Amino acid sequence: HVCLQELRSSSTSPTSQAPSAMNTTAQRLPGAIIIGARKGGTRALLEMLNLHPDVEVAKAEVHYFNLDENYHRGQTWYRAQMPFTSLGQLTVEKTPGYFTAPLVPQRIWEMNPEVRLLLIVRDPAERLVSDYTQVLHNRLQRHKSYQPLEELLLLPNGHIDPSYKALQRSLYHLHLQRWLSFFPRQQIHVVDGEALIRDPFPELQKAERFLDLPSHIEASNFYFNSTKGFYCLLSAGHDKCLDESKGRPHAPLSRQAFHKLCHFLREPNQRFFKLVGHTFPWC
Ligand SMILES: Nc1ncnc2c1ncn2[C@@H]1O[C@H](COP(=O)(O)OS(=O)(=O)O)[C@@H](OP(=O)(O)O)[C@H]1O
């Protein structure tokens, strides 16, 4: 696997700048941020956007607006986490924790009320199971004890426990509502995470349009890797798949419990569809 930075063809740079200005690289604040949702496909979206020659991405999650210890380091610290870009290139970072952290919308708005936001969502029931699977994996790695998902998701009386954190993170409408009190709907581009898995190219074309980028990413930048079970990226003859933490087998959950979860999510999902202005074929 080769770093995408090295893979991108450098042939198409913005042409409106004088050559000397184009060579001036600097770390700049992001013009677009992938705010979540956690386990929605944020890494895939970031890596795929990075195929574009006019996009540079922060490789690691920055956690600036959601972690007070980082936020208090100030904007100079934040900027220093960004990649070097030429004038005219777009800087993008992704931190999935932004979507659900209460103070983040205001903090981002205060930094730049014009910043473009990308939100990638997938079926919130599947997202919850993926979220639990990640937490489980981390606990197992640290030799810590863990509870089965069903024990966390269901109360002793068999009802869904609405206070379970991973379930709270799947109540997309609650979180989006907060973002919409700062940003107009058109400034938040919602990406369909399942569509990105099934066929990434059309989702990337939509994202390019949203970001006002010249169309550059091509269908040939993606190929289905049957060993991985996902699309991988292809650029200048080199390929890159996401690492093994993406696309793990999910922790088991009984059909009955999954059904209860889907039933519980029906109304929150409807509210989310209303906010974004279209529906998704979720359970
Ligand atoms: N092309 C490709 N390759 C691998 N994985 C892909 C891809 N596209 C989307 N996905 C899905 O991304 C899910 C992980 O989402 P995130 O990157 O947002 O996770 S995280 O919040 O940053 O931990 C991950 O979720 P799980 O399958 O539940 O592991 C994947 O389904």
Side-chain angles (χ1 to χ4, degrees), residues 30 32-46 58 61-68 70-71 78 92-135 149 152-153 160-197 203 206-207 210 261-283:
I33 303 177
I34 301 173
I35 59 174
R38 177 175 150 102
K39 307 317 289 181
T42 55
R43 174 59 60 187
L45 181 59
L46 186 81
E61 290 179 7
V62 184
H63 293 276
Y64 175 61
F65 298 102
N66 59 328
L67 297 185
D68 285 346
N70 288 338
Y71 191 65
Y78 185 47
V92 184
E93 75 122 323
K94 79 108 174 166
T95 301
Y98 288 165
F99 182 50
T100 57
L103 297 177
V104 172
Q106 178 165 358
R107 285 176 173 182
I108 294 188
W109 185 83
E110 283 167 357
M111 176 192 71
N112 177 7
E114 316 263 271
V115 71
R116 292 172 207 224
L117 304 171
L118 295 124
L119 170 67
I120 177 162
V121 289
R122 72 197 275 203
D123 185 323
E126 290 295 339
R127 197 217 64 80
L128 179 151
V129 180
S130 177
D131 192 329
Y132 168 83
T133 304
Q134 161 140 355
V135 175
L149 175 53
L152 295 165
L153 182 64
I160 293 288
D161 182 353
S163 71
Y164 175 40
K165 286 269 166 52
L167 175 57
Q168 285 287 324
R169 289 194 281 269
S170 276
L171 302 178
Y172 298 152
H173 73 291
L174 288 182
H175 308 296
L176 185 60
Q177 195 87 70
R178 250 184 294 108
W179 288 89
L180 290 173
S181 63
F182 289 91
F183 295 95
R185 170 67 188 90
Q186 317 83 269
Q187 214 169 313
I188 307 176
H189 178 61
V190 180
V191 178
D192 179 338
E194 271 97 13
L196 191 86
I197 291 176
E203 289 307 306
K206 287 181 222 164
F210 170 71
L261 175 60
C262 288
H263 183 76
F264 181 93
L265 287 167
R266 211 159 286 165
E267 194 190 315
N269 289 348
Q270 290 300 328
R271 287 173 188 257
F272 178 71
F273 299 159
K274 224 171 180 172
L275 288 179
V276 298
H278 61 97
T279 62
F280 292 84
W282 295 338
C283 74

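Since this is a predicted model, take the numbers as computed values, not measurements. Below, all heavy atoms of this structure are taken into account, side chains as well, without hydrogens, waters or symmetry copies.
Counting only N and O atoms by type, the side chains of T100 and R169 include no donor and acceptor under 3.5 Å apart.
Qualifying side chain to side chain contact (heavy atoms under 4.5 Å, CB included) partners for V135, counting only residues two or more places apart in sequence or in other chains: R38, D131, R139. Checked against side chain to side chain donor-acceptor pair (under 3.5 Å), Q177 has no partners two or more places apart in sequence or in another chain. Residues passing the side chain to side chain donor-acceptor pair (under 3.5 Å) test with Q168, sequence neighbours excluded: none. Scanning for side chain to side chain donor-acceptor pair (under 3.5 Å) contacts around D161 gives S163, with sequence neighbours left out. Looking at residues two or more places apart in sequence or on another chain, you find a ring-ring contact (aromatic ring centres under 6.0 Å, His included) between F65 and Y78, Y98. For P268, the side chain to side chain contact (heavy atoms under 4.5 Å, CB included) test picks out L171, H173, with sequence neighbours left out. For K206, the side chain to side chain donor-acceptor pair (under 3.5 Å) partners are E203, not counting sequence neighbours. Checked against ring-ring contact (aromatic ring centres under 6.0 Å, His included), Y71 has the following partners two or more places apart in sequence or in another chain: Y64. Residues satisfying the side chain to side chain contact (heavy atoms under 4.5 Å, CB included) criterion with F273, sequence neighbours excluded, are N269, Q270, T279, F280, W282.
In this structure, NE2 on H175 lies 10.5 Å from CZ on F272, to the nearest 0.5 angstrom. With rounding to the nearest 0.5 angstrom, the CG atom of L174 is 8.5 Å from the CZ atom of R271. Considering CD1 of I34 and CZ of R116, their distance stands at 14.0 Å, rounded to 0.5 Å. Atom OG1 of T42 and atom CD1 of I33 lie 13.5 Å apart (nearest 0.5 Å). Here CD1 of I35 is found 12.0 Å from CD1 of I120. Values are rounded to the nearest 0.5 Å.
In terms of heavy atoms, L196 sits closest to A44 at CD2-CB, 3.8 Å. Between A207 and L118 the shortest heavy-atom distance is CB-CD2, 4.4 Å. Listed here is the closest heavy atom pair of P124 and S170: O-OG, 2.7 Å. Scanning both residues, D123 and C283, for their nearest heavy atoms gives OD2-N, 3.0 Å.
Of the possible donor and acceptor atoms, none in the side chain of R178 sits under 3.5 Å from a partner among the backbone N and O of P105. The backbone N or O of V62 lies less than 3.5 Å from a partner atom in the side chain of T95, making a donor-acceptor pair. In this structure a side-chain-to-backbone donor-acceptor pair under 3.5 Å is present from Y172 to R122.
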Would you sort out whether L117 and L119 count as a side chain to side chain contact (heavy atoms under 4.5 Å, CB included), showing the intermediate values? CA-CA 7 Å; L117 304 171; L119 170 67; over 6 Å; no
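Two residues are said to be in side-chain contact when any heavy atoms from C-beta on lie closer than 4.5 Å; L275 and W179 fail this criterion. In this structure, the side chains of V276 and L176 come closer than 4.5 Å at one or more pairs of heavy atoms. Side-chain contact between I160 and L265: absent, with no pair of heavy atoms (C-beta onward) separated by less than 4.5 Å. When side chains are defined from C-beta on, L167 counts as touching F264, because their heavy atoms get closer than 4.5 Å. Side-chain contact between I108 and F182: absent, with no pair of heavy atoms (C-beta onward) separated by less than 4.5 Å.
Sorted by first and then second residue, the side-chain hydrogen bond (donor to acceptor under 3.5 Å, both in side chains) pairs with a member in residues 183-193 form an empty list; sequence neighbours excluded. The stretch residues 92-114 participates, sequence neighbours left out, in these salt bridge (charged side-chain N to carboxylate O under 4.0 Å, His left out) pairs: E61-K94, D68-R107. For the salt bridge (charged side-chain N to carboxylate O under 4.0 Å, His left out) condition, no pair includes a residue of residues 272-283, sequence neighbours left out.
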